[in-house]
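Bear in mind that the values here come from a model prediction, so they are computed numbers and not experimental data. Below, each value reflects all heavy atoms present in this structure, side chains not excepted, and no hydrogens, waters or symmetry copies.
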Amino acid sequence: MAKLLFSLRNVPEDEASEVRALLDQHGFGWYETDAGILGLSAPGLWLRDAGEYPRARALLDEYQLQRRSRVQAEALERQQRGEGESFMQLLRTRPAFVLPRLLAILVILAFTLSLPWWLLR
């Protein structure tokens with residue numbers, strides 16, 4: 001029976017490609033599912049044989065440790081060069097990402113601060 005090895009939700013494409021190549025390189029039988037038309041399904045990489053899961057999981061854990069170290073080193077290098085992304089840069093480049101979250105924060109804050117006024121009324 002198949003077993004989910006790696007969820008692809010919110011995973012960068014380069015990482016997904018590296019994981020696919022890693023699974024192929026080590027001869028694992030796997031297949032991929034996508035999120036579907038509405039994005040409600042669980043995209044992921046599945047092992048065809050659940051018996052291979054411990055070996056595949058160990059390989060994937062090692063890969064993720066190496067990737068984390070590499071990505072952290074790259075981020076630190078960018079930050080030292082002064083190329084780190086600030087809030088204003090993020091707001092300019094991805095307003096559809098930032099503005100709804102900022103609005104939600106303000107709504108929650110306003111509700112929280114007005115709660116005592118409504119309760120003591």
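Without hydrogens or angle criteria, S7 side chain to G44 main chain gives no donor-acceptor distance under 3.5 Å.
To the nearest 0.5 Å, atoms CD1 (I108) and CG (L113) are separated by 12.0 Å. Distance check, rounded to the nearest 0.5 Å: CD of E15 to CZ of F6 gives 4.0 Å. One finds the CD atom of Q80 at 11.5 Å from the CZ atom of R78 (value rounded to the nearest 0.5 Å). Rounded to the nearest 0.5 Å, atoms CG (L23) and CG (L59) are 7.0 Å apart. The distance from atom CZ of F28 to atom CG of L60, rounded to the nearest 0.5 Å, is 9.5 Å.
Under the salt bridge (Lys or Arg N to Asp or Glu O under 4.0 Å) criterion, R20 pairs with E13, E32, sequence neighbours left out. In terms of the salt bridge (Lys or Arg N to Asp or Glu O under 4.0 Å) criterion, residue partners of R81 (sequence neighbours excluded) are, by chain and number, E77, E83. Residues forming a side chain to side chain contact (heavy atoms under 4.5 Å, CB included) with M88 (at least two apart in sequence, or on another chain): S86, L91, R92. Taking Q89 as the reference, nothing meets the side chain to side chain donor-acceptor pair (under 3.5 Å) condition, with sequence neighbours excluded. Here L40 pairs with L38 under the side chain to side chain contact (heavy atoms under 4.5 Å, CB included) rule; sequence neighbours left out. Listed by chain and number, the residues in a side chain to side chain contact (heavy atoms under 4.5 Å, CB included) with R70 are E18, R67, E74 (sequence neighbours excluded). In this view, Y53 and K3, L5, L47, R57 satisfy the side chain to side chain contact (heavy atoms under 4.5 Å, CB included) rule, not counting sequence neighbours.
Pairing each heavy atom of A42 with each of T33, the nearest pair is O-OG1, 3.1 Å. Contact between S41 and P43 at its shortest, heavy atoms only, is O-CD, 3.1 Å. Of all heavy-atom pairs between G51 and P54, the closest is O-CD, 3.5 Å.
Other residues sharing a hydrophobic cluster with F111 under the 4.5 Å side-chain heavy-atom criterion for ILVMFWY residues are L115, L119. Hydrophobic clustering, defined by side-chain heavy atoms of Ile, Leu, Val, Met, Phe, Trp and Tyr closer than 4.5 Å, leaves L76 isolated from every other such residue. Annotation for V71: hydrophobic cluster partners, listed by chain and number, are none (ILVMFWY side-chain heavy atoms under 4.5 Å, direct or chained). With a 4.5 Å cut-off between side-chain heavy atoms of Ile, Leu, Val, Met, Phe, Trp and Tyr, the cluster of W46 takes in L4, Y31.
The list of side chain to side chain donor-acceptor pair (under 3.5 Å) pairs with a residue in residues 102-118, not counting sequence neighbours, is empty.
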